[in-house]
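What follows is one structure encoded as structure tokens, with my remarks underneath.
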Amino acid sequence: MKIFVPGDSAAKALGADDVADALAREAAARGLDVQLVRNGTRGMVWLEPLVEVDTPEGRIGYGNVTPDQVPDLLDGKLNGLGRVEDIDWFARQTRLTFARCGLINPLDMDDYGAHGGLVGLRRALGMTKAQIVQEVIDSGLRGRGGAGFPTGIKWKTVAEAEAPQKYIVCNADEGDSGTFADRMIIEGDPFQLIEGMAIAGLGVGATRGYVYLRSEYPDAIHILTQAVKIARQRGLLGADVLGSGRAFDMEVRTGAGAYVCGEETSLLNSLEGKRGTVRAKPPLPALQGFLGQPTVVNNVISLTTIPVIFERGAKHYADFGLGRSRGTVTLQIAGNVKRGGLFETAFGLTLGEVVNDIGGGTASGRPVKAVQVGGPLGAYMHIDQFHTPMGYEEFDSQGGLIGHAGLVVFDDTVDMLRMARFAMEFCAVESCGKCTPCRIGAVRGVETIDRIAQGDPDAIPLLTDLCETMKDGSLCALGGFTPFPVMSALRNFPDDFATFKEAAE
Amino acid sequence: MHSHAPAPTEEEIRGVVAPLASLEGPLLPMLHALQETWGFVPQAAVPVLADILNLGRAEVHGVISFYHDFRDHPAGRHVLKICRAEACQSMGANALAESTLQKLGIGWHGTTSNGALTVEPVYCLGMCACAPAAMVDGKVVGRVDDARMDRILAEVGA
Ligand SMILES: Cc1cc2nc3c(=O)[nH]c(=O)nc-3n(C[C@H](O)[C@H](O)[C@H](O)COP(=O)(O)O)c2cc1C
Ligand code: SF4
Ligand code: FES
């Protein structure tokens, strides 16, 4: 009997290790021949630990399993959820990038190959650099790290640059609250990232790669490091990638707890062993990146989507989506929400559908008040904006951004003035210090919001001016976009800032 | 576990960092290796790193101080990180952190008087769909409520 207990860190945070231990113990006590697989997560964090039992009818899921339910599970007395693929929350998705996540044993390269792994890389090995880059351009893939820059165009710049050494750098800094897609795919399907980076290397002529992975993710670091070792042993990485005679190898590097190091130039400085200050652009990292050499910097989800594009073809991928947002978006539904997790779907669902239909509303059962989309630099959306479709341009026109596609739901107990203050405080703590509007402005921002809280109405125009200055005078989006959460809170939830009325009473 | 160890010698420091010298961009891996070995980055490492990497001492110090991860003194025997970011706040992280620190009688970055536990803030652990979250010595815990926190504190002897 084959039983799957996720080894994903969110599942472990909800007790999966204890369930796995109980299963092994109970099976041994009964003399049962149980093969226990620690798979990744299917993304349904609300059901974790989600145990799956392999049967002739398919993989039957059991949600929120506790160790004391294990005897019943083995007796067949526990109520199941039916086939995992048929669970509505799962069945409604379009799983392209996450197709294997939760399905396979993350560190079994044969399992990976048996489920479509390496097909994309083998195809790319038969293509020229120009053809590889064109395939990515045709897929319409835009960077999933936040800025939404077309991935193929970036690769083209690096491919056409002349240099003795080029690099592929994967941005796995994933510092945004409300996001965990990078972590999940690394823990659940690490070979897919390795394959994506190898294809990128072939496409631009880079033989070396780095994954800059945040230190807050020790499980992901552990799994990816093991996967890289296995890939090297099996000839997926090294001097002769899959026997092609072409070289690509990579290393995992650990971040050190600085949010700003997710910004690509700060990340490169950090990787070089410097302070993580942001570099002025130009020069673009594509031309002068790591150690001054042409470098592709791409987000984990951008790179893990590459094998899918090469396996199924650019057109297949581009056929999903909305307007200029092609393919699928890996929504991360988080915060005060009933059914949170990773939901991969074509661009185009509305914000309201995501929060209410899929997420099921708040976990607390209270009304939804605000949803922050796109991490700490994203806007607080009001329920009046729930008609907004998930798409880069559509969010932009609503004064918001999609960013890394994390959504954090808040119920009506949230104080939006406090959240605006937090955004400024976070910017002050994490600022790299290079520009005054960000370094000093964020500190002034906290003080100004405190004045509003104390009932000083004159501080509101001051805050607005300050946000303008930060927006116009900051080198990167940390200082430049902190006004998004602050101003959206002020604009969309004015009552929370109307403290002077109370003070006057 | 690190608190009463004698200060490391220059030779010991070299032994930890020298094998990493051939990496491209070796400084962060070296700092992580030092912290892994001693629980903090010893002051005595600054001149050693400066020498190996051909950097000024001020430069090395500048790098160490830039990153939140690196400590210049030992932490308690256990380290508890409580997430303070937005998704966790939406599920009551502020109240959880406040009551935890109050119970322990310390502030952020503080260590309990028995040396058992240091509490640090963290901004997101990737557990945002099972918030509020915390991490104890590298192990993540989700949906942390007061009862769960009390169990954690008891386990680490705080
Ligand atoms: C303050 C700040 C933090 C960022 N954090 C991340 C991050 O954690 N992960 C990421 O992929 N991109 C992050 N970015 C965006 C990167 O600068 C860059 O656009 C991205 O890595 C490019 O990859 P992509 O084109 O595949 O999205 C951040 C940007 C800023 C300004
Ligand atoms: S905006 Fe802030 S974080 Fe960005 S470069 Fe300027 S000071 Fe650094
Ligand atoms: S916000 Fe706390 S784990 Fe992400």
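Reminder, nothing fancy here: chain letters follow the sequence lines and each chain counts from 1. Owing to the predicted nature of the structure, the values given are computational and were not obtained by experimental measurement.
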Checklist line | Partner chain A: residue of B:Val144, B:Val122, B:Leu53, B:Leu28 with the largest heavy-atom pair count (under 4.5 Å) | finding: B:Leu28
Checklist line | A:Val429 portion near chain B, given a 4.5 angstrom heavy-atom threshold | finding: both
Margin query: A:Glu430: which residues meet the side chain to side chain donor-acceptor pair (under 3.5 Å) condition with it, sequence neighbours left out?
Written below: B:His68
Checklist line | Choice from A:Arg208, A:Gln332, A:Glu272, A:Glu48 maximising heavy atom contacts with chain B below 4.5 Å | finding: A:Arg208
Next item on the list: Could you tell me whether B:Arg71 and B:Glu120 have a side-chain N and a carboxylate O separated by less than 4.0 Å?
Entry: yes
Note to self: Out of B:Leu27, B:Val140, B:Leu55, B:Leu31, return the one with the most heavy atom pairs under 4.5 angstrom to chain A.
What the structure shows: B:Val140
Margin query: Counting only non-hydrogen atoms closer than 4.5 Å, does A:Ala363 touch chain B with its backbone (N, CA, C, O), its side chain (CB onward), both, or neither?
Written below: side chain
Note to self: Counting only non-hydrogen atoms closer than 4.5 Å, does A:Ser364 touch chain B with its backbone (N, CA, C, O), its side chain (CB onward), both, or neither?
What the structure shows: neither
Check: Who wins among B:Gly62, B:Cys83, B:Ala134, B:Gly92 for the most heavy-atom pairs under 4.5 Å with chain A?
Finding: B:Gly62
Margin query: Which label fits B:Tyr123 and A:Phe422: parallel for a plane angle under 30°, tilted from 30 to 60°, or perpendicular past 60°?
Written below: tilted
Check: Top residue by heavy-atom pair count (under 4.5 Å) with chain B, among A:Gly255, A:Gly375, A:Ala220, A:Gly15?
Finding: A:Gly255
Notebook entry, point to check: Is it the side chain or the backbone of B:Arg84 that comes within 4.5 Å of chain A heavy atoms, both, or neither?
Noted result: both
Note to self: Salt bridge or not between B:Glu10 and B:Arg14? Use side-chain N to carboxylate O under 4.0 Å.
What the structure shows: yes
Item checked: Heavy-atom pair count under 4.5 Å with chain B, highest-scoring of A:Lys12, A:Met419, A:Glu174 -> A:Met419
Next item on the list: Under 4.5 Å heavy-atom distance to chain B, tell me which part of A:Arg418 shows up: side chain, backbone, both or neither.
Entry: side chain
Next item on the list: Quick one: list whatever passes salt bridge (Lys or Arg N to Asp or Glu O under 4.0 Å) with A:Glu216, sequence neighbours left out.
Entry: A:Arg214
Next item on the list: Name the region of A:Thr179, side chain, backbone, both or neither, that has any atom closer than 4.5 Å to a heavy atom of chain B.
Entry: backbone
Check: Between the side chain of B:Thr118 and the main-chain N/O of B:Gly76, is any donor-acceptor distance below 3.5 Å?
Finding: yes
Item checked: Interchain contact, A:Ile333 with chain B, by part (heavy-atom threshold 4.5 Å) -> backbone
Next item on the list: Keeping the roles fixed (side chain from A:His222, backbone from A:Glu187), state whether a donor-acceptor pair exists under 3.5 Å.
Entry: no
Checklist line | Residue among A:Leu14, A:Asp17, A:Leu291 with most heavy-atom pairs under 4.5 Å to chain B | finding: A:Leu14
Next item on the list: Select one option (side chain, backbone, both, neither) describing which atoms of B:Val63 are under 4.5 Å from chain A's heavy atoms.
Entry: both
Next item on the list: Give a yes or no on whether the backbone of A:Ala370 and the side-chain of A:Gln372 come within a donor-acceptor separation of less than 3.5 Å.
Entry: no
Margin query: Using every non-hydrogen atom in the two residues, find where A:Val368 and A:Val371 come nearest and quote the distance to one decimal.
Written below: CG1-CG2, 4.1 Å
Item checked: Greatest number of heavy atom pairs closer than 4.5 Å to chain A - which of B:Pro26, B:Gly25, B:Ala131, B:Ser90 -> B:Ser90
Next item on the list: Answer with yes or no whether the side chains of A:Ser9 and A:Arg183 bring together a donor and an acceptor at under 3.5 Å.
Entry: yes
Check: So how far is it from B:Glu98 CD to B:Lys103 NZ, rounded to the nearest 0.5 Å?
Finding: 12.0 Å
Item checked: chain B contact via A:Met184 - which portion, at a heavy-atom distance below 4.5 Å -> neither
Next item on the list: Assess the side chains of A:Thr265 and A:Glu263: does a donor N or O sit below 3.5 Å from an acceptor N or O?
Entry: yes
Next item on the list: Please look at A:Glu425 and chain B and tell me whether the side chain, the backbone, both or neither of the residue comes under 4.5 angstrom of a heavy atom of that chain.
Entry: side chain
Notebook entry, point to check: Which region of A:Cys432, side chain (C-beta onward) or backbone (N, CA, C, O), has a non-hydrogen atom less than 4.5 Å from a non-hydrogen atom of chain B, or is it both or neither?
Noted result: both
Next item on the list: Among the options A:Pro485, A:Gly340, A:Gly257, pick out the one with the most heavy-atom pairs lying under 4.5 Å from chain B.
Entry: A:Gly257
Checklist line | Top contributor to chain A contacts, counting heavy-atom pairs under 4.5 Å, from B:Gly142, B:Gly126, B:Cys130 | finding: B:Gly126
Checklist line | Interface moiety of A:Val45 toward chain B, non-hydrogen atoms closer than 4.5 Å | finding: both
Next item on the list: Tell me whether the centres of the aromatic rings in A:Tyr210 and A:Phe290 are closer together than 6.0 Å.
Entry: yes
Notebook entry, point to check: Are A:Asp176 and A:Tyr259 close enough that a side-chain donor and a side-chain acceptor fall under 3.5 Å?
Noted result: yes
Notebook entry, point to check: Tell me, side chain or backbone of A:Glu251 under 4.5 Å from chain B's heavy atoms, or both, or neither?
Noted result: side chain
Next item on the list: Pick whichever of B:Lys81, B:Arg148, B:Met127, B:Lys139 has the most heavy-atom pairs under 4.5 Å with chain A.
Entry: B:Met127
